[in-house]
Structure formats: structure tokens, C-alpha cells
Amino acid sequence: MRIIGCILYEHNLWFVLMAALMCIAGSMVSATLFRKTITDKGEAWIHWCFLSAVTAGAATWATHFIAMLGYQTSAPVTLDGVLTVISALMAAGGIGIGLVLASSTSPRIASLAGGSTIGLAIGAMHYTGMFAYRVDGIVHWDWRYVMGSFAIAMGCSIAAIHLLRKNDTPYRTWQAGGLLCLAIVGLHFSGMAGFSVTAMAGYSQGADSEAFAAMAAAIGMVALLIVGTGISTYLVERRTTTESENRIAHIAMHDALTNLANRHQFTEALRNECNTLGDGGTPFALLMVDLDRFKPINDTLGHPIGDLVLQRIANRLRLAARDGDIVARIGGDEFAIIAFGLGDPDAATTVAERVVEILSRPMIIEGNVVEISGSVGVGMAPDHGSDPDALVQHADIALYSAKHGGKQTYRLFEPRLMEAIQRRRSLEASLRRASMRNEFRIVYQPVFSSAQGEITGAEALLRWTCPQHGEISPTEFIPIAEELGLVSRIGSDVLRRACKDAAGWPEHIDLAVNVSPVQLLDPRLPQTVSQALADSGLAPERLELEITETALLNNDEAALRTLTHIRDQGVRISLDDFGTGYSSLSYLHRFPISRIKIDKSFVQKLPDDVGSASIVRAIAQLGSSLSMKITAEGIETDSQLSFIQEQGCDEVQGFLTGRPIAAADFLQLTGGPVQPVDA
């Protein structure tokens, strides 16, 4: 009751209200800065500790001074300027020491020592300020209230520091601010309740209320400026920190080149979406996208152009996806789309079809016309998997099927595709073993003179019988060998063995060996050919290497250098599958080609198909005008053979004239007259 009476009857309530507002604002700001000081480390901690001490000291001192000026007494009052300044310094310095202790790693030391020091600093400031309050009268102190005021200040400060160190809820800072406010107000008015003045006889003049009001207002404004500076600094730093954190978070979750979601964000989003499936979440679709023919862009136009292409592709994928879907770049030229809420396979394939169509549109980048496309694999959740790994695996299998089904298309996952990928993996493992153990065999298909019907040569063909899957077609295992990097080794062995076999044939019979696109780009190929000829003793003019137009597409300059070196050894070059590739006439002009082989896709339609007949006739005339020999392959009927002979083609091969046979059988065949065999 004494404390309440002191506030109501011994103070000017306007001053009390001003002090209360100053105390509340200062305490809340101080608690915010205290929390920042306690949690920060390093050089930033020194900055925040200083700012917190000055701000809290100014707010505490201003609260005390304004309330003290509102104390009403009939005795004359003066102020000691030196002690008044010292009291302000004691508040800031003592609170600073308390914050140093409150930042200790030991919770007990931090709360007890730090909080007690802050409470003592508030008390020391208050009573030093009271000593600066000079009253011409008899001053009485009730030490019970003095000791109680210290207990209130220290207890509330300890509790405030304890709450700020926990900081486990957003309300801890406000609660701590309230405790600091209670510590300041409780100490001041408890101390003032223990303070009384008896005016001396002859002194009746009281305090100058107008001067004190002006002084209180000035002190309040200065203190508010200091407190405002503190909170402004905190808010600016918080905004800067938030922007930096947002920027770092954006960098951590987005691809730097395309600004799409990166693999980390994609993985997290996919995991979260899969986790919701069991809790009533909606089905969704996963689209895996892989660019077709992107590597040649980097190789021919350079990586800067390639980066621009990827950025353009990213924009197109955003356009193809729906609003709200996640588009991510998960690899060099690999992308993914999570289509949320898309449970209908038809709707998912519609999105995939739109992706394929948009990616296939030509683009002009720095004056270069770039044509690229994409293949898409689609997996549906939960139909094709509710686990992220399983869903990605199934979408990848669908993507693999799309790429090996002609590219620039899409595939929806089906269980049968799993069987295809399992077969593929089994063949890969078996093919590696076969390459190491040299389990391939070579057969030879006879080549006949169209005019005389005599054997003039043979084409070496590679065969492989897989222990698990039986006889495997070269059209299936050769591409796998190319992807595994085995084709150069296999091709070198085939060339060496074939040359050795051909060395035992009659000298008028030549050997033709196919060269894959991968081998053609190997700069060691001329040396491999030279070594095979030297080891076998086969004359170079009896060897002919067959290349395809497709092999020349990847890097025709490197291919030209390689073929020129081989031609200089005396080895002949023939162009296989002629008419099915690109820029055929240009290749005939630029490359050292001595023979053209008409692709069997044209021959097998003879003589009824008018278009095929015209193409074969034109190729035959072209070869004659360029002094190149013409070979027609794939002959299976007498009518096809007759048509080819009429066009003047030099040589023929096919099931009608001779099937591929083992080396020993071919050697025996060359010893007698050549007769067409039944198809």
C-alpha cells in the first residue's frame, strides 16, 4: 500500500505516465537487443553488446530520471550534474557487464550472474541518481524498501535473462521485456517508497514543476532517440540477415545457370509429396526429361552457347509445365517435372507431349540455328510407386525406352519396360565378360560379281551367343558395346582376326570389315589397321573398310583425317547404307570413297516399288559417273538380282547368293564354282 500511495499521492501522474511509456518502450527494445547479444558470436557480439548496453542504460536512466522529476516535495530541490551523469554511465556500464556474463556458455552463470549484475546496475543507477537529487530538508530512508527494491530488480532481471536464453517460443522476448520493465519500475517506486523528505522551517519553496517538465520532456526525447537508434539498427540488420538468408536458401535450392529447382529441392519436394500419399494426399505425375543431341552443341558451338541453350530450354519447360508444378534441373542436360495433383495417365501424357513439342522447336542463339529435342519418361504416383526411389527408377526406365525408341518422344512406364531394362543390364554384364574372354565369332557373307557370278570378296560379320539369352543380333549388342566403350576393343579384334583369315584366301578375293562411328573417331584407327595388316600379311589393297553416313555426322573433319590416313596405306573405303543418311553427295565429293553400297531397304522393294527402283537406278548411274564401284546388298529374290544386274551394279550380296558362313566353310567355298544358294 505504501508503494501505491507513493505513486498516486507523492508523484505527478503525468510524469509517471511519461516514465511508464519510456520504460515499456525501452524494455521491449532492450529485451530484443539482449536476445541478439546472447545468441550472436564473434565480432558481431561486441557490436550488439555495446548497442544493447547503451540503449538499455539510456532507457533505464531516462525512466528513473523522469519519474524522479515527478516526485512532489515542498522542499527546495537541486540536481548534482556530476552524479547525474555518473548514474547514467553506471546504468550503461553495469548492464554491459551483465550482458557479458549473460553470454556465458554456462546457463547457471549466465542467468544468475548476468541477471544479478543487471539488477544491481539498475539499483546502483537509481540510488546514485537519488544522491544527485539534493533536497533542502531532512531525508529519511526506510532500508526495508531499499533492500526490497534490489531484490525486485535482481529477481526480475535473472528471470528475464533465463527466458531470453531459452528463446524457444516467439513470446519469450516479450515476456522478458515485461520482466525488465517490472525490474526498472519495481526498483524505482519501491526505492521511492522508502524515501521521505521533511521540509526545514523557513524553506517552503518546492520544485520548479515547469522546469522539471521541460527537462523530463528533453530527457525523454533524447532517450527515445537512443532507443529508436537501437531498434532501427536491429531492424536493418534483421532485414539484411533475412535477405541474405533468403538469398542463400535460394542458391541452395536452385540451379545457378537456369534458376530452376536443383536436385536437392527436387528430392525434398518428391519425398514430401510421396510421404503425403499415405495420409490422403493426391496422386501426381513425375516426368523425367533428357535432351537429345545436346553434346554436339557443346562440341561444335562451345559451352557458352550450350549454357544459353540450357537457359532457353529451362524457359520452355516452365512454359510446358502447369502453374504450381516444380521444374528442376537434376543433371547436365537432365530435367524433371513434378506435376502435382495429376493422377490421370492421359493428362500426364498430354503434358509430356507438350514438353516434347515445345523442346523440338528450333531456336536462334547468337546467329546460330540450334535444333534440339527432348525425350520424356512418365511415372505415376502411386500407381508406379509411392517411394521416391522407386518412382524415379520407373520414370527413368520409361525415359530410357523413349530414348532408345527413336528419341524426341515420350513413354509412360509399363511393367514390361522393367523386363526390357533387366534384359539390357543382363546383356551389358554378359557383353563385358564376352569382351574380356573374346567370346565373339566372325562369319563371312560372300560377295559376288554381278556379271560373272564369281566370288570376289566377303564381308566380315560379327556374331555373339549370350549364355543367358542365346543368339543376340548385332543391331542389339553393337549399340550397347558402343555405349559401354567396348566397341573399339571389339572392332580391333575383329579386324585382326578377319585379316588373318583373309590372308589364307585366294588373292583375288577381298575382305570388307565394318567400322563403327565410335571407331572412326578414334585417332588410333589408322595404326590399328596398319598393325592388323602387318601381323596377318594381307595386302592393303585387298582390305576394304565400310563406314556409314551416320558415322560422318558427329565430326566429319576428324573422320576425314582418319580416312585419309587409312587410304594412304592402300586400304579402300566404301560407303555403306547409302541413301539413308544425310548430305550423301557432299560425302562422295569430300571423302576418299571408292565404293557405294546400296542399302537393302531399297533393294528389298525391287522391282515393284517405283520409288526404290528409281533410287537404285540413280545410285548406279551416279557411281558410274564418279568411277565408283556399286554393291547391292540384301538380295533375296531372283527378280531383285535381275533388276540389279540390269542396272550395271558391280557386285551383289544377300541370302539369295550366299548366307554368312564360318571362316572354314567360306575357305572351302572359294575352291569351287560359285552357285546361288536357296534363300
Side-chain angles (χ1 to χ4, degrees), residues 431 434-448 454-465 471-475 477-478 481-482 486-520 522 524-548 551 562-563 565-567 569-577 593-595 597 629 631 633 651-654 657-671 674:
L431 196 58
S435 178
M436 294 176 61
R437 300 172 183 176
N438 198 16
E439 295 177 349
F440 302 99
R441 69 182 191 277
I442 302 175
V443 295
Y444 298 92
Q445 184 171 33
V447 177
F448 295 89
E454 297 177 349
I455 294 180
T456 58
E459 180 180 359
L461 301 174
L462 190 63
R463 295 292 184 264
W464 176 47
T465 302
E471 190 74 19
I472 306 298
S473 169
T475 58
F477 75 79
I478 291 297
E482 290 178 340
L486 302 175
V487 74
S488 293
R489 176 179 177 180
I490 296 172
S492 297
D493 183 66
V494 170
L495 182 62
R496 178 184 57 81
R497 290 165 56 189
C499 287
K500 185 176 181 180
D501 289 341
W505 300 344
E507 294 184 357
H508 67 282
I509 297 180
D510 298 332
L511 169 68
V513 179
N514 290 281
V515 175
S516 77
V518 176
Q519 285 180 279
L520 191 58
D522 188 347
R524 299 170 297 178
L525 181 59
Q527 181 181 356
T528 301
V529 173
S530 176
Q531 189 65 44
L533 292 172
D535 292 344
S536 64
L538 182 68
E541 60 271 13
R542 293 181 58 194
L543 176 62
E544 184 173 274
L545 298 184
E546 295 186 3
I547 63 173
T548 62
T562 299
L563 293 177
H565 290 159
I566 294 175
R567 191 271 313 274
Q569 298 179 26
V571 177
R572 291 170 289 129
I573 308 296
S574 67
L575 191 59
D576 197 7
D577 301 336
I593 296 171
S594 59
R595 181 188 300 273
K597 296 190 71 173
K629 290 187 176 182
T631 298
E633 59 181 352
E651 294 174 333
V652 296
Q653 67 180 98
T657 56
R659 291 178 177 271
I661 55 178
D665 295 332
F666 179 77
L667 181 60
Q668 183 179 1
L669 183 64
T670 60
V674 178

Practice item. To the nearest 0.5 Å, tell me how far Arg572 CZ sits from Glu546 CD. Key: 10.5 Å

Practice item. Could you pull out the closest heavy-atom pair between Pro660 and Arg463, with the gap in Å? Key: CG-NH2, 3.9 Å

**Study point:** Interatomic spacing from CG in Leu461 to CD1 in Ile442 - rounded to 0.5 Å
**Key:** 9.5 Å

Review point. Hey, does the side chain of Ser492 reach the backbone of Ser488 with a donor-acceptor pair shorter than 3.5 angstrom?
Key: yes

Practice item. Check step by step if side-chain contact (heavy atoms from CB on, under 4.5 Å) holds for Asp576 and Glu633. Key: CA-CA 9 Å; Asp576 197 7; Glu633 59 181 352; 3.0 Å; yes

Check your understanding: Distance from Asn514 atom CG to Ser574 atom OG, nearest 0.5 Å?
Key -> 8.0 Å

Point to revise | Heavy atoms from other residues, nucleotides or ligands near CD of Glu471 exceed 12 (cutoff 6.0 Å) | key: yes

Practice item. Measure from the side-chain N and O atoms of Gln445 to the backbone N and O of Gly658, and report whether any donor-acceptor pair falls under 3.5 Å. Key: yes

Revision key, fill the gap. On a heavy-atom basis, the closest approach of Tyr444 and Ala498 is OH-CA, 3.4 Å

Exercise for review: Taking all heavy atoms of Ser536 and all of Ala503, pick out the closest pair and write down the distance.
Suggested key: O-CB, 3.5 Å

Check your understanding: Would the number of heavy atoms belonging to other residues, nucleotides or ligands and lying under 6.0 Å from CD of Glu541 be above 12?
Key -> yes

Point to revise | Heavy-atom closest contact (Ser435 atom, Ile490 atom, distance) | key: OG-CG1, 4.1 Å

Point to revise | Derivation and outcome, side-chain contact (heavy atoms from CB on, under 4.5 Å), residues Leu495 and Leu543 | key: CA-CA 10 Å; Leu495 182 62; Leu543 176 62; 4.2 Å; yes

Exercise for review: May I ask you to decide if Ile573's main-chain N or O and Ser594's side chain share a donor-acceptor pair within less than 3.5 Å?
Suggested key: yes

Point to revise | Nearest non-hydrogen partners of Ala481 and Leu431, listed with the distance | key: N-CD2, 3.6 Å

Check your understanding: Looking only at atom types and distance, does a side-chain atom of Gln519 sit under 3.5 Å from a main-chain N or O of Ser516, one as donor and one as acceptor?
Key -> yes

Revision key, fill the gap. Of Val447, Ile509, Asp510, the one forming a side-chain contact (heavy atoms from CB on, under 4.5 Å) with Ile455 is Ile509

Practice item. Answer yes or no: is there an ion pair linking Lys597 with Glu544, defined by an N-O contact shorter than 4.0 Å? Key: no

Review point. If you measure from OG1 on Thr657 to CZ on Phe448, what distance do you get to the nearest 0.5 Å?
Key: 5.0 Å

Check your understanding: Can you find a side-chain donor-acceptor pair between Thr465 and Arg441 that sits under 3.5 Å?
Key -> yes

Practice item. Check the angle between the aromatic planes of Trp464 and Phe440 and answer parallel, tilted or perpendicular using the 30° and 60° thresholds. Key: tilted

Practice item. Take Asp493 and Arg496 through the side-chain contact (heavy atoms from CB on, under 4.5 Å) test and state the conclusion after the steps. Key: CA-CA 5 Å; Asp493 183 66; Arg496 178 184 57 81; 2.4 Å; yes

Point to revise | Distance in Å, Leu575 CG paired with Leu545 CG, rounded so as to fall on 0.5 Å steps | key: 12.5 Å

Review point. Roughly how far apart are Ile566 CD1 and Leu525 CG, rounded to 0.5 Å?
Key: 4.0 Å

**Study point:** Closest heavy-atom pair and its distance - Pro446, Leu669
**Key:** CG-CD2, 4.0 Å

Exercise for review: Would you check, one step at a time, whether the test side-chain contact (heavy atoms from CB on, under 4.5 Å) holds for Asp522 with Thr528?
Suggested key: CA-CA 10 Å; Asp522 188 347; Thr528 301; over 6 Å; no

